[in-house]
Amino acid sequence: MRLGSPAVAEIGDTESGSALAALQDHGFVVLRALLSDAELAAARDHADDLLRGADWSDNGFDGRRTRRVYSLLKRVGSLEPLLLHPEVHHLVTACLGEVYQFGMLFLSAVDPGQGAQQLHFDAGSTPFPGRWRRRSTSSGRSTTSPPATVLP
């Protein structure tokens with residue numbers, strides 16, 4: 001995604017609601033400047049430490065050039081500010097309602113050469129609102145997942 005894309009929101013420099021509008025229009029949003037430089041560096045270091053111990057996926061569904069760390073909540077460490085940030089809370093509650101639970105939280109590293117994963121529901125038993133089931137975005141792509149936070 002290129003800088004300046006409508007799915008990029010600069011925290012503090014955008015009009016109220018632009019991140020939510022980007023999320024609703026595109027099915028994702030990149031929240032630039034969500035963390036301070038020090039918080040971002042600590043989060044990246046922690047993510048790198050966790051991923052050092054992760055093996056490549058052994059199946060084509062996850063992607064053989066993908067590494068994942070599951071059960072992230074028990075070792076969230078320096079990634080915690082991403083979960084507790086007011087803008088993340090605002091976006092999640094705007095999409096899922098005031099009562100939500102982080103259940104299947106994981107860290108995923110998709111390395112060069114890995115193709116796109118097939119569209120699917122994570123935890124398919126959760127009844128997400130209809131707008132998350134499958135919809136086309138303005139770019140013509142489909143989305144089936146609620147929002148995610150991505151480290152640059």
Side-chain angles (χ1 to χ4, degrees), residues 1-51 62-63 65-73 75-152:
M1 177 175 46
R2 61 182 203 282
L3 214 50
S5 164
V8 175
E10 187 86 27
I11 302 305
D13 291 341
T14 58
E15 63 207 47
S16 178
S18 65
L20 181 58
L23 178 60
Q24 291 170 336
D25 288 348
H26 301 284
F28 71 96
V29 62
V30 176
L31 301 173
R32 292 178 41 81
L34 183 73
L35 303 177
S36 69
D37 290 344
E39 288 173 318
L40 182 58
R44 282 183 176 158
D45 289 346
H46 185 60
D48 287 345
D49 288 345
L50 291 170
L51 287 166
D62 287 340
R65 298 291 303 161
T66 302
R67 294 169 291 144
R68 293 183 178 204
V69 176
Y70 292 93
S71 304
L72 195 56
L73 284 176
R75 49 195 164 175
V76 70
S78 298
L79 299 170
E80 187 173 332
L82 292 169
L83 298 177
L84 301 180
H85 195 282
E87 184 64 18
V88 172
H89 175 72
H90 167 74
L91 292 171
V92 172
T93 58
C95 295
L96 301 178
E98 287 294 326
V99 179
Y100 63 88
Q101 174 180 335
F102 289 113
M104 190 176 156
L105 191 61
F106 63 92
L107 175 65
S108 181
V110 180
D111 283 35
Q114 176 58 52
Q117 189 178 51
Q118 135 187 359
L119 292 175
H120 67 283
F121 284 106
D122 283 346
S125 63
T126 303
F128 288 114
R131 67 180 176 269
W132 291 113
R133 296 229 181 265
R134 182 179 290 257
R135 65 178 180 81
S136 293
T137 64
S138 60
S139 65
R141 291 182 295 199
S142 294
T143 183
T144 58
S145 301
T149 302
V150 179
L151 287 177

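Computed from a prediction, not measured in an experiment: that's the story for all the values here.
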Can you list, pair by pair, the side-chain donor-acceptor contacts under 3.5 Å of residues 100-114, counting residues two or more places apart and other chains?
unit_1 : atom_1 : unit_2 : atom_2 : d
Tyr100 : OH     : His89  : ND1    : 2.7
Asp111 : OD1    : Arg67  : NH2    : 3.4
Gln114 : OE1    : Arg64  : N      : 3.1
Gln114 : OE1    : Arg65  : N      : 3.0

Candidate pair Leu35 and Leu82, rule side chain to side chain contact (heavy atoms under 4.5 Å, CB included), full reasoning: CA-CA 8 Å; Leu35 303 177; Leu82 292 169; 3.7 Å; yes
[X] side chain near [Y] side chain, heavy-atom distance below 4.5 Å:
{"X": "Leu31", "Y": "His85", "answer": "no"}
{"X": "Cys95", "Y": "Leu20", "answer": "yes"}
{"X": "Val88", "Y": "Leu83", "answer": "no"}

Can you give me the closest heavy-atom contact between [X] and [Y], atom names plus distance?
{"X": "Arg75", "Y": "Leu50", "result": "CD-CD2, 3.8 Å"}
{"X": "Leu91", "Y": "Ala19", "result": "CD2-C, 3.9 Å"}
{"X": "Pro81", "Y": "Ser78", "result": "CD-O, 3.3 Å"}

For Asp37, does the CG atom have more than 12 heavy-atom neighbours from other residues, nucleotides or ligands under 6.0 Å away?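 At most 12 heavy atoms, drawn from other residues, nucleotides or ligands, come within 6.0 Å of this atom.
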Measure the spacing between CD of Glu80 and CD of Glu39 and express it to the nearest 0.5 Å. 10.5 Å
Nearest 0.5 Å, please: how far is CG in Leu40 from CZ in Arg32?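 Answer for the CZ-CG pair, Arg32 versus Leu40, is 10.5 Å.
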